[in-house]
**Q** 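Okay, here's the structure, questions in a sec.
Side-chain atoms are counted along with the backbone in the values below, which use heavy atoms only and exclude waters and symmetry mates. Every chain is numbered from 1, with letters handed out A, B, ... down the list of sequences.
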Amino acid sequence: MEVKPVKGTHDILGSETLLYQRIEDSLAKIAHTYGYLEYRTPIIEHTELFSRSVGGSSDIVRKEMYTFFDKGNRSLSLRPEVTASIIRTIVNNKLYASADLPIKASYIGPAFRYERPQAGRYRQFSQFGVEAVGLDSHLIDAEVISLGYHALKSLEFKDITLKINTLGDDESRNNYRGALREYFTNHIHSMCSDCQERLQTNPLRILDCKVEEDRQIIKGAPRIQDFLSKASKERFDKTVNLLDALNIKFDIDESLVRGLDYYSEVVFEYHYIAPDGKTIGALGGGGHYSHLVEELGGPNLSGVGLSFGIERLAQVIASERLLSEAFPLLAFYVMPVGEIDLEKIYHITEKIHRLGYPCEMSYEVRPLKTLFKRAERRAALFAVIVGSEELEKNVITLKNMRTKEQSVVALDDFERVAEQVVEEEIIAIGETR
RNA sequence: GCGACCGUGGUGAAGUGGUUAACACAUCUGGCUGUGAACCAGACAUUCGUGGGUUCGAUUCCCAUCGAUCGCCCCA
């Protein structure tokens with residue numbers, strides 16, 4: 001009986017992995033540029049960590065967590081996101097006491113949510129993100145938003161929609177939440193069942209509802225802008241003005257709420273709309289949090305963070321053919337010809353490995369026709385043809401797969417020729433793209 | 001959690017209640033002792049996701065189940 005992969009998981013194989021590595025390298029580099037160092041935390045945590053951070057009223061905690069009891073009867077969960085773990089380790093290690101603030105952490109790794117898989121959504125997926133903890137300023141909010149924006153730019157995304165909103169501070173939100181409850185209570189009988197539930201749990205979420213009839217009602221709802229405290233309003237204006245000055249385009253979207261309970265003040269999401277109009281939800285998003293550190297047992301420090309879904313990035317990059325030039329190729333494919341000692345061919349191949357070039361040999365003698373097909377499949381730059389004629393003279397026949405030009409090279413001279421010819425070919429290929 | 005649609009070889013796929021399950025690509029063998037094309041001949045699914053039912057007979061009809069894909073919800 002064949003064993004299938006677990007629903008919502010996926011294998012990443014061979015050349016696809018090259019794309020993932022390319023994306024991850026690019027993201028890590030951006031984070032490093034902004035001064036964020038990578039933190040690696042476990043993928044299993046005490047369930048309590050997430051119920052206290054992500055929030056008991058969030059869908060993520062209520063119905064999407066992989067929760068189980070271990071043999072010591074501890075309730076553990078696979079992490080549905082990484083922010084909580086980063087904050088936990090900052091608190092555990094009391095980094096706030098010794099490090100300069102803000103503490104800047106980046107992360108990359110798997111997260112798990114039990115949802116129905118669909119386009120750009122998996123039960124195990126990878127997140128990249130950053131957290132800046134311990135500085136309460138529009139400067140750091142803008143920095144994180146800018147970092148995300150430029151991360152997408154570095155991956156050659158062109159049409160990014162950046163949505164921004166503010167949820168205000170505690171005072172603003174309490175007042176606003178009360179006003180929303182009051183408003184929607186009068187209309188709730190004609191609204192969808194989800195909204196009826198949201199009215200109890202988190203009325204802010206009603207603003208996100210996609211049901212057409214409900215949207216009409218939502219249009220008349222009170223707006224957060226009218227309930228913002230002076231401090232929140234000023235802070236948001238400063239953030240937005242700074243982004244303007246940085247030449248980052250964004251849309252203010254008052255319906256943007258986000259499903260994790262710990263956010264306050266600025267929140268944002270990055271969206272991509274394909275030329276054919278298709279979307280796959282948010283590529284990434286984040287926001288500011290005021291009480292998360294305290295909630296997890298640390299001092300009263302605020303933070304701001306963002307995260308991206310690697311699979312979603314990869315999906316767009318693959319379908320829009322971004323980054324197509326970036327993949328490493330096989331430099332040499334070694335082809336044995338005729339009746340020949342394959343060990344001698346292997347020695348030549350080993351020599352090329354020692355020089356540091358990606359290289360493979362055919363482990364069997366096949367018609368050259370077949371070997372050329374294999375070389376093509378491997379996107380090899382050069383064929384190295386070796387038969388008894390070559391072995392006798394201590395040479396190899398070197399053929400450029402693209403131009404089909406062919407020359408005979410002395411084995412003793414191979415290192416020098418290879419260096420020159422590979423470099424030239426990489427440049428030439430770059431120019432034809 | 002709700003809904004739609006699908007499940008035939010390595011891949012893309014056609015098909016029918018009844019005897020050899022099309023076709024194409026890929027792969028392999030040979031025609032052709034060493035150069036990527038083309039051509040020719042041949043090989044390649046004891047079997048149509050899994051389990052059950054209807055039937056003389058099921059890949060085809062029915063039910064269940066699992067899985068893929070997509071939409072809603074939510075989010076990455």
**Q** Do A:L27 and A:L313 have side chains that approach each other closer than 4.5 Å (heavy atoms only, starting at C-beta)?
**A** yes
**Q** Using the C1' atom as the point on both nucleotides, what is the distance between B:A13 and B:C48, in whole Å?
**A** 13 Å
**Q** What contact category does A:L371 fall into here, base, sugar-phosphate, or nothing, at under 4.0 angstrom with non-hydrogen atoms?
**A**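 Nothing: the residue A:L371, judged by heavy atoms under 4.0 Å, touches no strand.
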**Q** Between A:R235 and A:D141, does any side-chain N to carboxylate O distance fall below 4.0 Å?
**A**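 Yes, charged N to carboxylate O under 4.0 Å.
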**Q** Looking at every strand, decide which applies to A:G148 at a 4.0 Å heavy-atom threshold: base, sugar-phosphate, or nothing.
**A** nothing
**Q** Starting from P on B:A76, measure out to CZ on A:R312 and report it in whole angstrom.
**A** 8 Å
**Q** Could A:E364 and A:R374 be called an ion pair, given the rule that one side-chain N must be under 4.0 Å from one carboxylate O?
**A**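 Yes.
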**Q** Applying a 4.0 Å non-hydrogen cut-off, can you work out what A:E311 is touching in the nucleic acid: base, sugar-phosphate, or nothing?
**A**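 No contact at all - A:E311 keeps every heavy atom at 4.0 Å or more from the nucleic acid.
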**Q** Checking all strands, does A:Q315 fall into the base, sugar-phosphate, or nothing category for heavy-atom contacts under 4.0 angstrom?
**A** nothing
**Q** Over all strands shown, is A:R62 touching base, sugar-phosphate only, or nothing at heavy-atom distances under 4.0 angstrom?
**A** nothing
**Q** Base, sugar-phosphate, or nothing for A:T83, non-hydrogen atoms under 4.0 angstrom?
**A**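 Result for A:T83 = nothing.
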**Q** Write down the distance between NE2 (A:H271) and P (B:C74), rounded to a whole number of angstrom.
**A** 13 Å
**Q** Which nucleotide sits closest to the side chain of A:K369: B:C28, B:A76, B:A38?
**A** B:A38
**Q** Below 4.0 angstrom from OP1 or OP2 of B:A76, is there any side-chain N or O of A:R258?
**A**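 Answer yes for this pair, as a side-chain N or O of A:R258 is under 4.0 Å from OP1 or OP2.
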**Q** Measure the distance from CD on A:E64 to P on B:C73 and round it to the nearest whole Å.
**A**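 It works out to 13 Å between those atoms.
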**Q** Side chain of A:E339, base of B:U33: donor and acceptor closer than 3.5 Å?
**A** no
**Q** Checking all strands, does A:G129 fall into the base, sugar-phosphate, or nothing category for heavy-atom contacts under 4.0 angstrom?
**A** nothing
**Q** Is it true that the NZ or CZ of A:K399 lies under 6.0 Å from the centre of A:F372's six-membered ring and within 45 degrees of the ring axis?
**A** yes
**Q** Starting from Watson-Crick (N1-N3 plus N6-O4 or O6-N4) and G-U wobble pairs under 3.5 Å, report the runs of at least three that RNA chain B belongs to.
**A** B:1-4 with B:69-72, B:10-12 with B:23-25, B:27-31 with B:39-43, B:49-53 with B:61-65
**Q** What is the separation between atom NZ on A:K373 and atom P on B:C28, rounded to the nearest whole Å?
**A**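 It works out to 7 Å between those atoms.
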**Q** Taking A:E45 as the fixed residue, which of A:S77, A:S53, A:S85 is the one that meets the side-chain hydrogen bond (donor to acceptor under 3.5 Å, both in side chains) rule?
**A** A:S85
**Q** Could you check whether any side-chain heavy atom of A:V386 comes within less than 4.5 Å of a side-chain heavy atom of A:M335, counting everything from C-beta outward?
**A** no
**Q** Classify the nucleic acid contact of A:S126 as base, sugar-phosphate or nothing, counting any heavy atom under 4.0 Å across all strands shown.
**A** nothing
**Q** Could you tell me whether A:E81 contacts a base, only the sugar-phosphate backbone, or nothing, with contacts defined as non-hydrogen atoms closer than 4.0 Å?
**A**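 No contact.
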**Q** For the residue pair A:Y272 and A:F157, does the interplanar ring angle fall in the parallel (under 30°), tilted (30 to 60°) or perpendicular (over 60°) class?
**A** perpendicular
**Q** Give me the distance, rounded to whole Å, that separates B:U47 from B:G15 when you measure between the C1' atoms they each carry.
**A**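 Their C1' atoms lie roughly 14 Å apart.
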**Q** Tell me what A:M401 touches on the nucleic acid: a base, only sugar-phosphate, or nothing, going by heavy atoms under 4.0 Å.
**A** base
**Q** Using a distance-only criterion (donor-acceptor N/O pair, under 3.5 Å, no hydrogens), is the base of B:U35 paired with the side chain of A:K399?
**A** yes
**Q** Using the C1' atom as the reference point in each nucleotide, state the distance between B:G49 and B:A68 in Å, no decimals.
**A** 10 Å
**Q** Just to be sure I understand the rule, does A:L313 reach a base, reach only the sugar-phosphate, or reach nothing, if contact means heavy atoms closer than 4.0 Å?
**A**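 The residue A:L313 makes no contact with any strand.
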**Q** Tell me: CG of A:L398 to P of B:G36, nearest whole Å?
**A**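 Nearest whole value for this atom pair: 17 Å.
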**Q** Using atom C1' of each nucleotide, how far apart are B:U16 and B:G30 to the nearest Å?
**A** 36 Å
**Q** Please report the distance separating the P of B:U20 from the corresponding atom of B:U46, rounded so that it comes out in whole Å.
**A** 15 Å
**Q** Please measure how far the P atom in B:G42 lies from the corresponding atom in B:A22, and state the result in whole Å.
**A** 15 Å
**Q** Under a plain distance cut-off of 3.5 Å, with no hydrogens placed, do A:S290 and A:S264 share a side-chain donor-acceptor pair?
**A**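 Side chains of A:S264 and A:S290: pair found under 3.5 Å.
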**Q** Let me know the distance between OH of A:Y114 and P of B:C2, rounded to the nearest Å.
**A**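 These atoms are roughly 11 Å apart.
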**Q** Remember a base hit wins even if backbone is also touched, and classify A:G338 as base, sugar-phosphate or nothing at under 4.0 Å, heavy atoms.
**A** nothing
**Q** Write down the distance between OH (A:Y263) and C1' (B:A76), rounded to a whole number of angstrom.
**A**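 Distance, rounded to whole Å: 10 Å.
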**Q** Check the geometry between A:F308 and B:A76 and answer yes if their rings are stacked (centres below 5.5 Å, planes below 30°), otherwise no.
**A** no
**Q** Would you please confirm or rule out a distance under 4.0 Å between OP1 or OP2 of B:G49 and any side-chain N or O of A:K4?
**A**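 Answer is no, no contact under 4.0 Å.
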**Q** For A:Q118 and B:C70, is the shortest distance between a side-chain N/O and OP1 or OP2 below 4.0 Å?
**A**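 Result: no.
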**Q** Grab the CG-P distance between A:D59 and B:C73 for me, whole Å please.
**A** 11 Å
**Q** Output yes when a side-chain donor or acceptor of A:T166 lies under 3.5 Å from a complementary backbone atom of A:G168, and no otherwise.
**A** yes
**Q** Examine the base of B:G1 for any acceptor or donor lying under 3.5 Å from a partner atom in the side chain of A:E115, and report the outcome as yes or no.
**A**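 It does not, because no donor-acceptor pair links the side chain of A:E115 to the base of B:G1 below 3.5 Å.
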**Q** Indicate, with a heavy-atom threshold strictly under 4.0 Å, whether A:K7 touches base, sugar-phosphate, or nothing.
**A**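 Here A:K7 touches the backbone only, sparing every base.
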**Q** Counting heavy atoms from C-beta on, name the nucleotide in B:A76, B:G3, B:G34 closest to the side chain of A:L260.
**A**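 Per side-chain heavy atoms of A:L260, the pick is B:A76.
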**Q** Any donor-acceptor pair under 3.5 Å linking the side-chain atoms of A:H347 with those of A:E350?
**A** no
**Q** Considering only heavy atoms from C-beta outward, does the side chain of A:E265 approach that of A:L167 to under 4.5 Å?
**A**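 Of all side-chain heavy-atom pairs linking A:L167 with A:E265, none is under 4.5 Å.
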**Q** So for A:R121 and B:C74, does any side-chain atom that can act as donor or acceptor lie under 3.5 Å from a complementary atom in the base?
**A** yes
**Q** Classify A:Y122 by what it touches in the nucleic acid, base, sugar-phosphate, or nothing, heavy-atom distance under 4.0 Å.
**A** base
**Q** Using the C1' atoms only, state how far B:U55 lies from B:C74, rounded to an integer number of Å.
**A** 47 Å
**Q** Determine the Euclidean distance between corresponding P atoms of B:U50 and B:U11; express it in Å to zero decimal places.
**A** 15 Å
